[in-house]
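Computed from a predicted model, the values in this text were never measured in an experiment.
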Amino acid sequence: MTTDKTATAPDGYVQPELDVRALTEVLDGEYAEIRDLVRTNLVTYASVLEEADGLGTDAYRERVRELVVEMAATGQTGMGFPKRYGGGGDVGASIAAFETLAFGDLSVLVKVGVQFGLFGGAILHLGTERHHDAYLPDLITGKLMGCFAMTETGHGSNVQALGTVARYDVAAQEFVITTEGDQACKDYIGNAARHGELAVVFAQLEVGGKSEGVHAFVVPIRVGGQAAPGVRIEDDGRKMGLNGVDNGRLRFDGVRVPREALLNRFADVTPEGLYKSTIDSPDRRFFTMLGTLVQGRVSVGGAGVNAAKVALAVATKYALRRRQFAAGSQEEEQLLLDYGLHQRRLLPLVARTYALHFAQDVVRTQLHDVFSGVEDDPQARRRLESRAAGTKALGTWHATRTVQECREACGGAGYLAVNRFAALKADSDIFTTFEGDNHVLLQLVAKGLLTDYASEFEDLDQLGMVRYVTNLAVETVIEKTSAHKLLERVRDLLPGGDEWDQEAGLLDSEYQLAMVRYREEHMLAGVARRLKAGIDRKRDAGAVFSEVQDHVIAVAHAHVERLVLEAFVEKTRTLPEGGNKVALGLLCDLFALSTIEADRAWFMEHGRLTVQRSKAITREVNDLCRKVRPLAGGLVDAWGVPSAMLRAPDLLG
């Protein structure tokens, strides 16, 4: 299938011919088969999009559970588990399947994430063979439903400070799980209110009166459909969205589980009460444990990008059929997407969505390589954790922004629940919070940058990071962290050297990359200097960090945007010559220049952008929007969102 036949403009620009099917193959990549399986399942169960509005909460929850079990029978949800237990043995495929599932009802997506990603992932990655044999076969089919009980009422992001305690009773050879106060209740736990039978409970382990830090335990929460002895379960009730997921609150009153309930991949307790671990450092042990759960962040980041695709597909298709106001002397009113402002609203978001898609490809591949043993370097795992955190943050913020802009771009009809935006908006909003609050995640990204993923990485809390950085010379920090040693090579990298206000070179990817690389490295040096200045004045490390927190978030954001642009540029360069490569080149330019334009104040403040060049970038962005406009329909079709998932009868007919 091709669209948008070649056309030549008066200025000599030749409009590329877009091969939509071939572009879909590029986007689906090596996981086209599993993505098509998920698309088929989504169409088969498309009625859930209607049922979500019509069913009561209890009935909707039951319907979502049924669909999750039925989809599990097709193999799509078990791709990441070992083949010996009935899984597919392919971590990358499991992420691709989850990403694609985000085209559909997001309660189904999150239920799948809770069951197979969080609960199943914790059993797989934190447990050992005894746990795998006992739970994985039934877990993979959905026969055994479970929870991931980490978050507490009083502690979400600060997992190391959880209040639930697991004390070892030597005489009984059991752990006693206790909720120490109201703030230690496990809260917002998916599958808890109705369907979960087991929970992986994260608690402070105490052995012989000594605290050994947070560990995970398999704890029954229901027996025969009723709350297990000592377990109190409350329903969190209706939420802003995702009401097909039964989130609940768990409290443990001296619940006893056998010694074997400890998920003991990284640490164990002998029958006699001796604590043993192959990792001596408690902090390193904790971060190693959490690092095995990074799959959730990669999954949610990709899901956010795909939710944005649904919104953009609806809004773009609507803008290609809806007319408003006559233009000039024409009798017929003009299509929305022919207006420059409408192009400005939607097309940079299309470009950013493509950019984030290719960045997601990179982090998914890194995850697959680390978890399948292809990449066994500790630094590779730290880089993965950092990249996953950053990509998740930018991907989910993008989803929230995009859904809102697309809703507005569809006017009053976009506000009607029948046209899906209500569900998309309500259900995707929480993506910015679960699997890590985005601002907290960007602090993790900055920590990796400032310490260059040092061997001490896992041992460093925020204050430790401050002390680590301040023990280095600022130049050393820059040298350690500089991705391209740009500060010494500005003249070599930039077209025209330091003559920044020449319009030539705006569409040169090396110029675009140089701009975002310079921004990142300048910000990084600034953070390091501010940290050192504060400590040199004998100020408290915590106060110093708090004062530079905004700068820390900014450098992390700049770092991830640089990674995203690099991924897009690299992907475009690898494509064979032809219309699709030209089209993606236009989108890559649009993403890069709209990113620079959005932060033009910073670039101008730091002498990297003159007023004249800033205006030239704005003109170029407008021109790129005009060039992308004839391709817009094909570009959103290439995402392969099934038409049944768009569910916008008032907008699309």
Worksheet entry | Donor-acceptor side-chain pairing of Tyr318 and Asn419 below 3.5 angstrom |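 Side chains of Tyr318 and Asn419: no pair found under 3.5 Å.
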
Side chains of [X] and [Y]: does their closest heavy-atom pair fall under 4.5 Å?
X      : Y      : value
Val294 : Gln366 : no
Val91  : Ser372 : no
Leu23  : Leu635 : yes
Asp246 : Asp235 : no
Lys571 : Val26  : yes
Leu590 : Cys625 : yes
Lys392 : Leu441 : yes
Asp36  : Arg39  : yes

Item to complete: Scan for side chain to side chain donor-acceptor pair (under 3.5 Å) pairs involving residues 46-55, sequence neighbours excluded, and state none if there are none.
Response: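 Every side chain to side chain donor-acceptor pair (under 3.5 Å) pair that includes a residue of residues 46-55, provided the two are not neighbours, is Ser47-Glu51, Glu51-Arg63, Asp53-Arg647.
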
To the nearest 0.5 Å, how far apart are [atom1] in [X] and [atom2] in [Y]?
X      : Y      : atom1 : atom2 : value
Lys186 : His155 : NZ    : NE2   : 10.5 Å
Arg322 : Cys410 : CZ    : SG    : 10.0 Å
Thr151 : Asp187 : OG1   : CG    : 8.5 Å
Leu27  : Asp361 : CG    : CG    : 8.0 Å
Leu384 : His368 : CG    : NE2   : 12.5 Å
Leu449 : Ser386 : CG    : OG    : 6.0 Å

Mind telling me whether [Y] and [X] have parallel, tilted or perpendicular rings, with 30° and 60° as the class edges?
X      : Y      : answer
Phe358 : Phe568 : tilted
Tyr354 : Trp639 : tilted
Trp397 : His439 : perpendicular
Tyr135 : His131 : parallel

Quick one: do [X] and [Y] make a salt bridge, cutoff under 4.0 Å?
X      : Y      : value
Glu597 : Arg344 : yes
Glu561 : Arg352 : yes
Arg35  : Glu99  : yes
Arg21  : Glu25  : no

Donor-acceptor under 3.5 Å ([X] side chain, [Y] main chain):
X      : Y      : value
Gln360 : Val298 : yes
Arg297 : Glu435 : yes
Asp236 : Tyr188 : yes
Lys239 : Val245 : yes
Gln115 : Gly146 : yes
Asn191 : Gly196 : no
Asn580 : Asp19  : yes
Arg194 : Arg61  : no
Arg222 : Ala192 : yes
Thr396 : Ala393 : yes

Closest contact, heavy atoms only, [X] versus [Y]:
X      : Y      : result
Arg249 : Thr153 : NE-OG1, 4.4 Å
Gly390 : Val445 : N-CG2, 3.6 Å
Val64  : Asp105 : CG2-OD2, 4.4 Å
Lys111 : His195 : NZ-ND1, 2.7 Å
Gln76  : Leu37  : CB-CD2, 4.0 Å
Ala97  : Ile34  : CB-CG1, 3.8 Å

Discussion item. The test is side-chain contact (heavy atoms from CB on, under 4.5 Å); show your working for Ile221 and Leu198 and say whether it passes.
Written reply: CA-CA 5 Å; Ile221 61 170; Leu198 294 178; over 6 Å; no

Fill in: Phe434 ring center near Phe431 ring center (under 6.0 Å)
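Here the rings of Phe431 and Phe434 have centres that are less than 6.0 Å from each other.
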
Worksheet entry | Criterion side-chain contact (heavy atoms from CB on, under 4.5 Å) on Val569 and Cys588, from CA distance to verdict | CA-CA 7 Å; Val569 168; Cys588 191; 3.7 Å; yes

Item to complete: Would you kindly check if the NZ (Lys) or CZ (Arg) of Lys447 is within the cone defined by 45 degrees around the ring axis of Phe287 and under 6.0 Å from the six-membered ring centre?
Response: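 Yes, Lys447 sits over the ring of Phe287.
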
Discussion item. If you apply the rule salt bridge (charged side-chain N to carboxylate O under 4.0 Å, His left out), what do you find for Glu62 with Arg65, and how did you get there?
Written reply: CA-CA 5 Å; Glu62 290 304 317; Arg65 186 197 65 78; 3.6 Å; yes

Discussion item. Please evaluate residues Phe116 and Phe98 with respect to the criterion side-chain contact (heavy atoms from CB on, under 4.5 Å), reporting the C-alpha separation (whole Å), side-chain torsions for both, the decisive distance (0.1 Å), and the verdict.
Written reply: CA-CA 10 Å; Phe116 304 102; Phe98 189 82; over 6 Å; no

Worksheet entry | Verdict with reasoning, Phe591 to Val564, per side-chain contact (heavy atoms from CB on, under 4.5 Å) | CA-CA 10 Å; Phe591 168 66; Val564 172; 3.7 Å; yes

Worksheet item: More than 12 heavy atoms of other residues, nucleotides or ligands under 6.0 Å from CZ of Arg573: is that the case?
Response: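 Counting neighbours around CZ of Arg573, more than 12 heavy atoms of other residues, nucleotides or ligands fall under 6.0 Å, so yes.
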
